[in-house]
Amino acid sequence: MSIAENEYFIQIDDAENRLRRELNENFDYFLFKKIINKFLIVTVLDNGNKYLSIDELKLCKKLIKLNQQKQVSDMEDIYYNESFLVETIRLSKDTVLIYEICDSNKVIPAFVKNILYFYSEECFEKCEATQFELLGIVVRTVNPKICSYIQNAIFRKYKLDRLKTSNFANSSSYMGTKKKLTSFIIESMYPHCEKDSFFLDIMCGSGAVSNALAQMGYVYASDAQEFCSLLAKIQGAGFCKKQAEKLIKEIYSYYNYNLGELKKIFSKELELEDTIFRMDLDEKEKVFDSYKEFINSYQLYSDTYKCQKDIYDKINNKKKEIRSFPYFLFTYYFANVFFGVAQCVQLDSIRYAIDQIADEEDREWALGVLIVVTSLIATTYGGHFAQPKRLDMDSFEKILIQRSKSAWIEFSKRILTIAAESERYSYRIERIKGPWENALNYFRGYKINQLVVYLDAPYKREEYSRYYHVLETMVKYDYPSSEYKGRMRSKKGGERFSTEFFSKSSEKIEKVFEKIIFEILTRGAICVWSYSDNGVVSMKSVVTKIKEKTKCNVFFYSIPYKHSSQGKKSKKGIGKIDVTEYCIVFVNSD
């Protein structure tokens with residue numbers, strides 16, 4: 001079957017038939033399947049069918065021919081001889097991939113794919129046969145360039161393993177976090193970068209990838225939600241323990257000033273909550289009834305439920321002058337919803353203190369830490385704030401324990417810990433205001449061909465502004481609307497960001513991806529796109545459209561992974577979904 005000139009993908013069965021015709025007796029079906037199953041050659045899923053790009057097909061043909069050739073004499077010295085139960089795949093004339101037969105389904109890491117892409121030509125200068133073991137596979141080679149590349153890959157992995165991939169993700173769940181995939185992502189993009197490349201994490205989320213990139217070069221983090229770029233910022237260099245100690249002392253005096261005023265306003269509620277938290281849990285039903293009654297009697301501000309007039313008037317006055325003393329937004333919006341009353345009083349007081357700090361850098365670091373603490377002490381489902389956790393006999397003990405945590409103690413501990421981590425990072429992470437169009441416009445006038453843009457947009461029709469509205473409110477602190485049980489910011493009122501990816505139409509979302517990747521490439525930058533075969537759009541379609549519009553080379557990397565099913569159990573009942581994660585790198589070829 002011939003491929004039309006404008007087609008960039010071929011279905012896997014057609015690819016097999018084409019290789020059979022072109023290679024004749026040199027075609028090895030079992031080798032072909034082995035190459036595919038080990039992700040040496042990457043397929044993409046589209047409408048239930050697997051496809052190969054034409055470039056991957058050419059690479060596959062090259063691999064099969066290489067492995068069917070007679071072994072040259074210098075290869076005999078580098079074959080793995082510690083076990084008879086091994087299989088090998090030759091990556092080049094001077095390099096072999098070796099794995100035990102029982103590990104035949106274990107896929108290869110990204111650095112092996114880069115050997116195929118960039119080091120597959122035979123090197124005439126040989127080195128001593130060297131064996132590398134990394135991420136469950138063995139590579140043996142006499143190629144000095146490959147030795148150097150793998151040694152550097154091992155060092156990069158060591159540096160990433162030493163870091164806390166995401167301070168936020170370590171304290172709570174963030175939907176779509178790349179915390180466990182950073183090594184795969186970094187190794188996928190590394191060969192395409194220059195020594196002086198700088199990076200833009202254009203939809204940075206929890207900042208896990210920004211954190212990893214800060215080991216390679218200068219990083220800019222952007223997101224439509226402000227709290228995300230703050231989380232990214234505090235995962236780079238630029239802060240130290242001495243600064244943190246000084247900042248805590250400065251914050252503490254302002255914190256106590258606001259705290260003292262709120263203790264007067266909410267004295268009865270604080271006293272009653274403290275009494276309940278100290279009750280003997282051996283009398284479980286009594287404690288539960290007391291706490292439930294306390295929650296039901298506590299009055300909050302709301303735009304959708306009945307609200308006491310004095311609270312309504314007080315909040316409306318605040319909307320006119322949001323920075324007036326005292327700060328009490330969280331105590332009137334989220335107490336007994338996502339936090340305890342005492343926690344809210346402390347969170348409000350820390351937020352007041354941060355606004356009194358003169359230095360903007362110090363304010364941003366302190367506010368980033370406060371976001372971490374807000375997530376850490378919250379009572380939520382899976383770390384998000386779409387709806388409050390239900391109070392019942394099964395959950396209330398855990399809720400009491402969670403709401404007994406001190407926001408101030410957690411804040412003071414975290415700021416010192418994050419400062420110590422910051423001293424270990426190589427580069428700063430600078431914030432750029434989102435959304436993505438604004439982030440790209442920021443680089444007008446720069447030498448753009450050194451820019452590497454990492455794109456990790458939502459895979460699903462998820463409304464992130466709904467899931468994390470409390471954290472965004474902590475940053476803005478603007479006394480917004482308070483709607484329904486989740487005390488949401490108003491979407492209709494424009495208080496919550498409405499993403500282009502929140503659409504029922506996969507075709508519309510595909511067009512957004514095409515637009516973003518096209519804009520990145522036309523500005524001369526490299527685009528590194530993370531996506532999954534569990535996403536709503538067709539990677540095949542997006543890549544094809546980009547190839548039609550631009551002159552670029554496309555490099556495919558993939559790895560099996562397990563996605564959280566967001567509280568829903570899979571058929572196996574373990575709450576995880578088996579997927580394939582991709583890193584697709586677009587590089588201008590002009």
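Below, each value reflects all heavy atoms present in this structure, side chains not excepted, and no hydrogens, waters or symmetry copies.
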For a side-chain contact (heavy atoms from CB on, under 4.5 Å) check, start with the C-alpha distance between Phe518 and Lys545, then their side-chain angles and the critical distance, and finish with the verdict. CA-CA 9 Å; Phe518 179 75; Lys545 292 289 175 58; over 6 Å; no
Separation of [Y] [atom2] from [X] [atom1] (nearest 0.5 Å):
X: Ile546; Y: Ile584; atom1: CD1; atom2: CD1; answer: 11.0 Å
X: Leu31; Y: Ile36; atom1: CG; atom2: CD1; answer: 10.0 Å
X: Thr182; Y: Lys157; atom1: OG1; atom2: NZ; answer: 9.0 Å
X: Lys551; Y: Asn553; atom1: NZ; atom2: CG; answer: 12.0 Å
X: Ser558; Y: Leu45; atom1: OG; atom2: CG; answer: 11.5 Å
X: Ser53; Y: Phe556; atom1: OG; atom2: CZ; answer: 4.5 Å

More than 12 foreign heavy atoms under 6.0 Å from [atom1] of [X]: is that the case here?
X: Lys515; atom1: NZ; value: no
X: Asn24; atom1: CG; value: yes
X: Glu361; atom1: CD; value: yes

Specify the closest pair of heavy atoms between [X] and [Y], including all atoms of both residues, with the distance to one decimal.
X: Ser120; Y: Ser92; result: O-CB, 3.2 Å
X: Cys552; Y: Ser589; result: N-OG, 3.3 Å
X: Gly205; Y: Asp223; result: N-OD2, 3.2 Å
X: Ile234; Y: Val372; result: CD1-CG2, 3.8 Å
X: Ser506; Y: Val537; result: O-CG1, 3.9 Å
X: Lys159; Y: Ser426; result: NZ-OG, 4.0 Å

Hey, mind stepping through Gln11 and Lys50 against side-chain contact (heavy atoms from CB on, under 4.5 Å) and telling me if it holds? CA-CA 6 Å; Gln11 198 167 333; Lys50 286 185 177 181; over 6 Å; no
Tell me yes or no: between the side chains of [X] and [Y], is some donor less than 3.5 Å from an acceptor?
X: Asp533; Y: Tyr582; answer: no
X: Asp456; Y: Ser530; answer: no
X: Tyr557; Y: Asn114; answer: yes
X: Tyr99; Y: Glu87; answer: yes
X: Thr544; Y: Ser541; answer: no
X: Ser197; Y: Gln450; answer: no
X: Asn143; Y: Thr141; answer: no
X: Gln243; Y: Glu245; answer: no
X: Asp46; Y: Ser538; answer: yes

Looking at the rings of Phe586 and Phe555, which for Trp means the six-membered one, are their centres under 6.0 Å apart? no
State yes or no: are the ring centers of Tyr51 and Tyr8 separated by less than 6.0 Å? no
Going by heavy atoms in the side chains, are [X] and [Y] under 4.5 Å from each other?
X: Ile41; Y: Leu59; result: yes
X: Trp436; Y: Glu519; result: yes
X: Lys145; Y: Ile115; result: no
X: Met189; Y: Cys583; result: no
X: Leu230; Y: Glu364; result: yes
X: Ile12; Y: Leu52; result: yes
X: Leu200; Y: Leu440; result: yes
X: Leu91; Y: Leu40; result: yes

Check whether any side-chain N or O of [X] sits under 3.5 Å from a backbone N or O of [Y] as a donor-acceptor pair, and report yes or no.
X: Asn67; Y: Ile89; value: no
X: Ser422; Y: Gly236; value: yes
X: Asn37; Y: Lys33; value: yes
X: Asn152; Y: Ser148; value: yes

Got a salt bridge between [X] and [Y], using NZ or NE/NH1/NH2 to carboxylate O under 4.0 Å?
X: Glu56; Y: Lys58; answer: no
X: Lys511; Y: Glu514; answer: no
X: Glu121; Y: Lys62; answer: yes

As a quick check of understanding, evaluate salt bridge (Lys or Arg N to Asp or Glu O under 4.0 Å) for Glu423 and Lys241, giving each step before the final call. CA-CA 8 Å; Glu423 292 177 353; Lys241 199 170 180 181; over 6 Å; no
Evaluate salt bridge (Lys or Arg N to Asp or Glu O under 4.0 Å) for Arg363 paired with Asp359, printing each intermediate quantity in order. CA-CA 6 Å; Arg363 283 201 309 272; Asp359 185 81; over 6 Å; no
Salt bridge (Lys or Arg N to Asp or Glu O under 4.0 Å) assessment of Arg18 paired with Glu16: CA-CA 5 Å; Arg18 178 168 172 174; Glu16 180 191 333; over 6 Å; no
Mark yes or no: Arg523 above the aromatic ring of Phe443, with NZ or CZ under 6.0 Å from the six-membered ring centre and no more than 45 degrees from the axis. no
With under 30° as parallel and over 60° as perpendicular, where do the rings of Tyr468 and Phe227 fit, or are they tilted in between? tilted
Determine, stepwise, if the pair Leu181 / Ile559 fulfils side-chain contact (heavy atoms from CB on, under 4.5 Å). CA-CA 9 Å; Leu181 289 168; Ile559 189 171; 4.1 Å; yes
Set out, in order, the CA-CA distance, both residues' side-chain angles and the distance that settles side-chain contact (heavy atoms from CB on, under 4.5 Å) for Val453 and Ile526, then state yes or no. CA-CA 6 Å; Val453 182; Ile526 291 171; over 6 Å; no
Here's a test for you: under ring-ring contact (aromatic ring centres under 6.0 Å, His included), which of Tyr117, Phe118, Tyr454 qualifies with His192? Phe118
Which residue pairs pass the ring-ring contact (aromatic ring centres under 6.0 Å, His included) test when at least one of the two sits in residues 12-39, sequence neighbours left out? Phe27-Phe32
Residue pairs involving residues 519-547 (criterion ring-ring contact (aromatic ring centres under 6.0 Å, His included); sequence neighbours excluded): Tyr459-Tyr531, Phe513-Trp529, Phe513-Tyr531, Trp529-Tyr531
Exactly one of Tyr119, Tyr149, Phe111 clears side chain to side chain contact (heavy atoms under 4.5 Å, CB included) with Pro191, and that residue is Tyr149
